[in-house]
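Worksheet: the structure to be examined is printed underneath.
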Amino acid sequence: MRLIEKSPYCYEIAQEGNMRVPGRIYTSKALMPGMEADQSLKQVANVATLPGIVKASMAMPDIHWGYGFSIGGVAAFDWQDGVISPGGVGYDINCGVRLAATSLDMDSLQPYLDKIADALYQGIPCGVGSTGFVKLNQKEAKRVLEQGSRWAASRGLGADSDLEHTEEYGCMDAADSEAVSERALQRGLKQLGTLGSGNHFLEIGVVEEVYEPETAGVYGLAEGQVTVFLHSGSRGLGYQVCDDYLARMTKKSKDLGIELPDRQLVCSWINSKMGKEYYSAMACAANYAWANRQILMHQAEEVLLKTLSMGPRDLGMRLIYDVCHNIAKKETHVVDGVSRALCVHRKGATRAFAPGHPDVCSAYRKVGQPVLVPGDMGTCSYVLAGTEKAMEETFGSTCHGAGRVMSRTQAKKAVKGRSIHRELLDKGIRVKWTGRTTLAEEVPEAYKNVSEVVEVVHGAGISQKVARLRPVVVVKG
DNA sequence: ATGTTC
């Protein structure tokens, strides 16, 4: 595979063999060795062979090996003549993050942090197999799947301003609960309002540095301010939707009429019955994830109000934004001067729409869409803004996080005998967790340096640094 | 990521 340097942060995988377009990798010399250590670049080249792919098979600097498609990949297919692939979305459909600001400053909150850590850990259902406070019957669950965050708001678990500050307003219209299997629906009944496990978290943090005061002001962020940051997805329901359609599409893979370089790239024509059905089911799982994050954030607010004996006005908790980073969406983009309907797959990649884009809510339209980039639990996270260059180069997309450099198994082996909890506490980070192996798997060194990842997307111009956040309390599954 | 091999 030939890697050609196009600019300091952008490399090309030359088009060869069955590739229909080149590969394009956003990275730096510092991040290159990690990138070449696994099969992720090969996966980028494999995706370039899929029918209907437009412009390039792209990878963000946080790329690492994933199911079929690498995590950190962006691939857009023609809506008429292209394919849709569950592996291009990921098992955790609409895995994403949301950030809320509060009116508190970290100096005054410091004495209460231990109490807050205990209360959040008690009050937020987390871990594999956990169940939430909201129990659904089948009929109600279908409403969640078709309405997303709007369902949560209609049950008093969110406000209109929350919907306004959520990507897609917290609901994909294409959702049709008929496309979701009985088994997937069943798994969703008891899991609404649960955090999950692995890299999912709920964090109390502080705005440590502001890079763009004007944009930060528009978003409502200032240095020293206390924030609430949440990372979760569609839980067992989304997993089951992905699993169901991988199996169904594999059975019908002959319909595609082409040989795939990797069986994990199984896909359907977007235009086919199967393709449309997957899109409708995926949208349901995406809506479930939005409702889930909406409920989790509402629950976190309740816990903070009670723990701090405060009224909502004093706490001043308000959603800044909610983004998804595992999704396929019908979007219109200009390709070679022509406006085209595309199915943009972002798997471990975040939408980063530019200032002025009609899909950016009115409050933020002047400065561009907020992009939320969580780091590992011991470092920091970033708030970025979408740019025009992202629209031109990456279908309005950027990175989604730090990206793994060690597998979970490798990480567990690497930290044997160490107390990760103590190491983090020494850095002023209180961690609460439930899984026996969670802290080892999520140890900071298992991830790339998120600051290096962000330098790439900022340097390449596909998003702009706005602010950096530092965690002080972390709750994990 | 995931009732971590229905």
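So you know, we letter chains A, B, ... as the sequences are listed, proteins then strands, and number each from 1.
For A:His458 and A:Tyr382, the gap between ring centers reaches or exceeds 6.0 Å. A:Tyr219 and A:Tyr321 have their aromatic ring centers separated by at least 6.0 angstrom.
Between A:Ile93 atom CD1 and B:dT2 atom C1' there is a gap of 12 Å when expressed in whole angstrom units. Nucleotide B:dT2 holds its C1' atom 9 Å from the OH atom of A:Tyr91, rounded to whole Å. The separation between A:Lys412 atom NZ and B:dT4 atom P is 13 Å, rounded to whole Å. Whole-Å rounding puts the A:Tyr239 OH to B:dT4 C1' distance at 8 Å. The interatomic distance linking A:Ile71 (CD1) with B:dT2 (P) rounds to 13 Å, in whole Å. Atom pair A:Asp243:CG and B:dT4:P shows a separation of 12 Å (rounding to whole Å applied). Distance, A:Glu441 CD to B:dT4 C1': 9 Å, rounded to whole Å. In this structure, NE2 of A:His231 is placed 14 Å from C1' of B:dT2, rounded to the nearest angstrom.
Classification of A:Glu441 and A:Arg436 as a salt-bridged pair fails, no side-chain N sitting under 4.0 Å from a carboxylate O.
Between A:Ser197 and B:dT2 there is a side-chain polar atom (N or O) within less than 4.0 angstrom of OP1 or OP2. Listed pair A:Arg408 / B:dT4 fails the phosphate criterion, with no side-chain N or O lying under 4.0 Å from OP1 or OP2.
Comparing A:Arg183 and A:Arg404 by the nucleotide of DNA chain B whose heavy atom lies nearest to each, the residue mapping closer to the 5' end is A:Arg404.
Using a 4.0 Å heavy-atom criterion, one finds that A:Gly233 contacts no nucleic acid atom at all.
Under the side-chain hydrogen bond (donor to acceptor under 3.5 Å, both in side chains) test applied with A:His200, the options A:Asp92, A:Thr194, A:Thr438 reduce to a single match, A:Asp92.
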